[in-house]
Novice: 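Have a look at this one.
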Amino acid sequence: MSDLPATYDPHAAAERWRAAWNEADVYRADPDAPGPTFSIVIPPPNVTGNLHMGHALNNTLQDVLVRYRRMAGDNVLWVPGTDHAGIATQWVVRRQLEAEGVDFRDLGREAFVERVWSWKGQAGGTIVHQLQRLGVSCDWSRERFTLDPDLQRAVTEHFVKLYEDGLIYRGQRLINWDPLDQTALSDLEVEHEEGAAAELWSFAYPIREEDGGGEIVVATTRPETMLGDTAIAVHPDDARYQHLVGKSVRHPILPRDIPIVADAILVDPEFGTGAVKVTPAHDFNDFAVGQRHDLPMINILELDGRLNAVCGEFQGLTVKEAREAVKAKIEELGLFRGTQAHTMNLGRSQRSGAVVEPMLSTQWFVRMKPLATPAVAAVENGFTRFVPQQWANTYYAWLRDIQDWCISRQLWWGHRIPAWYCDACGATIVARTAPEACKCGAEAAQLRQDEDVLDTWFSSALWPFSVFGWPDKTPDLARYYPTSVLVTGFDIIFFWVARMMFASLHLTGTVPFRDVYIHALVRDKHGDKMSKTKGNVVDPLDVIDRFGADAFRFTLIAFAAQGRDVLWDEKRVEGYQRFTTKIWQALRYCHMSAGDADASHAMIVPEDGPYERWIQARTAAAVARIRTAIDEYRFNEAASEIYAFVWGEFCDWYIELSKTTVYDEAATPAAKAAVKRQLMDTMDVIVRLLHPIMPFLTEEIWSRLPGREGLVTTARYPEPGDFASDPAVLDEIARLQAAITEVRRIRGEMEIALKVELELRVADPALHALLARHQRAVWDLARCKVVLSSEEPTASATGVVGGQKLVIPLQGVVDLSAEVARLDKVLAKSDKDVEQLRKRLANPSFVEKAPTELVDEVRGKLSAAESRRDTLRTSRDRLAAALSAGA
RNA sequence: GGGCGAUUAACUCAGUGGGAGAGUGCCACCUUCACACGGUGGAAGUCACAAGUUCGAAUCUUGUAUCGCCCACCA
């Protein structure tokens, strides 16, 4: 195999293997195929989206699970797709039209929606292609879009069912209004900006003359809303105001009187003046007061956020302008009563950034309490499990204190609400298909469908089963639903996870997924959230371009410790890119030394040498640890186990040990064949273990291993039982490694080059026999000749392995005072070990109460440490004495 | 106001009851026939602080400090 390139080209490999997977159609699921079922639905990215670090992490995690389960023999399905993302998408196209000088409203609904679809056809696939560059193994034949006809049908079914069950209603309520997008928003779509500077501005309402005159002072951060005030509230126990309850004040600007009411819930008598202006149509707390006291609710705003006709002279002003104008007017009327600095939280639309106005509006709502209760119970009872578990608390907290969900949006792009209003009788008809006629006899022409569309998340909530064709009973639904696991970020537990839970429970009678793996956010290396304004955004595609998808994916996985944010540090990718190089170089070695090896897979254990048995036993242990780690969603652990095995055991030790045979001209062909086969077999195992994390590299290597058929992506994932375990050989090689390391340490610290050949004297026959058996390895790795001898020349270096002394004569090799200095250093450590162990055993309650095995273990350690210390000390003293005698 | 999380080597992070690890960086030596994107060895930490539980605490409890996030929102 001399045609093996000197380096790995991740880009060529990605191209090649993506095409090969497609060609072989290996990720298409078959509901009739055998095996345990493993299914995942992708968190559908917005169709307008571009791949960001969050997507990269999220999808790499899913891909690791999916590739692993597939190789492990499961019947795996990973459903991909995108979300129509109502507001976001409407905005993209709206801006495009504006750039062309067209106001989207002039285009009309039908033409606009058509335009969005055509945009989707051209540009909507961007994120899908970007995901593919990451190497994800979705079943693309099952790709779904939340506005596909099937999924629209599911949404309609969802709406109608909830309506029929009394869980959806239409009503006039206070909602969050985005004056820029001119649509209602749910509570979740409003983000609260903390600590906005504001002023608490006080003014007086004059009490009616017939009620005794005088004034009552209120404070507000929003003076303009006084135009919609319909009450003044005071605390019922507040002595200052008790006599005024039931009386009225005169509105200083508008021609109306306003009652003074007592409300213990709203009013804190300690705060401000203890009197509160009440604007039920523009404040959530005030709205509740209005309901309690049956107050009129006066809407003062147009849909674009400007003041309406109710406001008289202020009509047409923006809220901001009106604030100043009202203040000026009140000062002019002599009613201004002072101001003080104040901080408040400002609600902004998540999408548009506009300041959200609480507004009285007729909208559709989902009654949440009856839906939330079973959703909480399902997690409490373990039908769905959060990983890490702590996120269940977040989920509970939100669902237990939930408000009704406003689901109608004043947009054109989305699922149209399946409700019709009869012009003749005013009836509301909710139906799965457009009704032919009204009960009152009115014909279809007199029925108008609701103009609004549904919150995007109303359709996302169905994703785990709508993608399978629900409400039809499809084979996919039967086989793959409920899904195995949902992998997502904590930021959408409320938006999405909770909603999928209650929608699934209500509509399908089952939880949508067994596990929810919640991963963290990807931040920059300082822990800051990546954002365009901060300019710290890392583009995953750029990382892939520079380092390759394999190194990028490995980095994400290695960073993905449970419950922790991922702090992006490019240095780490560089490190893992080196890991790909290392593996590639290992492959080159295997080929150079074993290119003509027998291609057979068979592991013929009895004929194998000790190093082959050793690496097999180590492989068994590594495989077990790696499988367990992935099974338990400890991704970073799986990554570091593979890394440590490949680099620290296979490359550092097995490959080096294999050279004792590979480069030994005297070795028998059978011995060489066994080593060559082992090299290839271990590469084979490594590549299969690593495939879920580094799919392209491993596929490339697999294709270059002799005798391996097909694709690694369809190969079997290794199991610990595939490899012979051999405790005796593990112990033997551990001693060999310890001896080699001890010699290397002496060489390193005393700066004795490897080309200086040394003698390694061992007095213990057993240890000598062991090292002599591995003389070739000791020679290759430490340049020592092993000798059985209890003679210790004064000029020697001393080491200890397994309680036995190693002596290395150094006469003429090195300055012996260096060995004294080295031994002093080692002794200091050794003394400390002994001291610590003694201290532990000196504690009677430790000996008494700690488990016997542990106490025995510590005793063993102590005697080993003491013997080691004594050995070293004797040598050190002898050498020091000789030196001073000689000097 | 309520809740959650973090604080471990210079840096980025693992480590959920038995005496602290990795990668990067640093120092020394080595161009030895897979790899200098390498090898070998080394230095480096009162595990934020305080108290408690325990024979034993980075790990469990409580408190404190600092940082971050989520929820609620006294006008």
Novice: If you look at every strand shown and take non-hydrogen atoms under 4.0 Å, does A:Leu837 touch a base, only sugar-phosphate, or nothing?
Specialist: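 Since no nucleic acid heavy atom lies under 4.0 Å of A:Leu837, the category is nothing.
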Novice: Look at A:Lys571 and B:U24 and indicate whether a side-chain polar atom (N or O) is within less than 4.0 Å of OP1 or OP2.
Specialist: no
Novice: What nucleic acid atoms does A:Thr580 come within less than 4.0 Å of, heavy atoms only: base, sugar-phosphate, or nothing?
Specialist: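 Contact class for A:Thr580: none.
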Novice: Tell me what A:Arg222 touches on the nucleic acid: a base, only sugar-phosphate, or nothing, going by heavy atoms under 4.0 Å.
Specialist: nothing
Novice: Counting heavy atoms from C-beta on, name the nucleotide in B:A43, B:U12, B:A72 closest to the side chain of A:Lys829.
Specialist: B:A43
Novice: Any strand counts, and the cut-off is 3.5 Å on both contacts for Watson-Crick or G-U wobble. Which nucleotide pairs with B:U46?
Specialist: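 Pairing partner, where one exists within any strand: none, as none qualifies.
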Novice: Any N or O donor-acceptor pair linking the side chain of A:Thr581 to the base of B:C37 at under 3.5 Å?
Specialist: yes
Novice: Please name the nucleotide paired to B:U31 by Watson-Crick or G-U wobble geometry with both distances under 3.5 Å, or report none.
Specialist: none
Novice: Would you say the base of B:C55 and the side-chain of A:Asn843 have a donor-acceptor pair closer than 3.5 Å?
Specialist: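 Absent.
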Novice: Contact class for A:Glu853 (heavy atom, under 4.0 Å): base, sugar-phosphate, or nothing?
Specialist: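 It contacts nothing in the nucleic acid.
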Novice: Taking pairing as Watson-Crick or G-U wobble with both contacts under 3.5 Å, can you name the mate of B:G17, or confirm there isn't one?
Specialist: none
Novice: What's A:Asn636 touching, base or sugar-phosphate or nothing? Going by heavy atoms closer than 4.0 Å.
Specialist: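 Sugar-phosphate contact only - A:Asn636 comes under 4.0 Å of backbone atoms but never of a base.
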Novice: Could you tell me whether A:Phe494 contacts a base, only the sugar-phosphate backbone, or nothing, with contacts defined as non-hydrogen atoms closer than 4.0 Å?
Specialist: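 If one applies the 4.0 Å heavy-atom cut-off, A:Phe494 turns out to touch the sugar-phosphate alone, with no base involved.
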Novice: Where the side chain of A:Leu754 is concerned, which of B:U32, B:U12, B:A28 is the nearest nucleotide?
Specialist: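 That would be B:U32.
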Novice: Ring centres under 6.0 Å, that's the criterion: do A:Phe547 and A:Tyr576 meet it?
Specialist: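 Ring centroids of A:Phe547 and A:Tyr576 are no less than 6.0 Å from each other.
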Novice: In whole Å, measure the gap between the C1' atoms of B:U16 and B:U59 for me.
Specialist: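 About 5 Å, rounded to a whole number of Å.
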Novice: At under 4.0 Å between heavy atoms, what does A:Arg572 touch on the DNA or RNA strands: base, sugar-phosphate, or nothing?
Specialist: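 It contacts base atoms.
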Novice: Would you say A:His342 places a side-chain N or O within less than 4.0 Å of OP1 or OP2 belonging to B:A75?
Specialist: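 It does, given that an N or O in the side chain of A:His342 lies less than 4.0 Å from OP1 or OP2 of B:A75.
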Novice: Would you indicate what A:Ala586 reaches in the nucleic acid, counting non-hydrogen atoms under 4.0 angstrom: base, sugar-phosphate, or nothing?
Specialist: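 Base, at least one base heavy atom under 4.0 Å.
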Novice: Check this one for me: any side-chain N or O of A:Trp647 less than 4.0 Å away from OP1 or OP2 of B:C37?
Specialist: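 Checking A:Trp647 against B:C37: no side-chain N or O falls below 4.0 Å of OP1 or OP2.
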Novice: Taking pairing as Watson-Crick or G-U wobble with both contacts under 3.5 Å, can you name the mate of B:G5, or confirm there isn't one?
Specialist: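 Answer to the pairing question: B:C67, which forms a Watson-Crick or G-U pair with B:G5.
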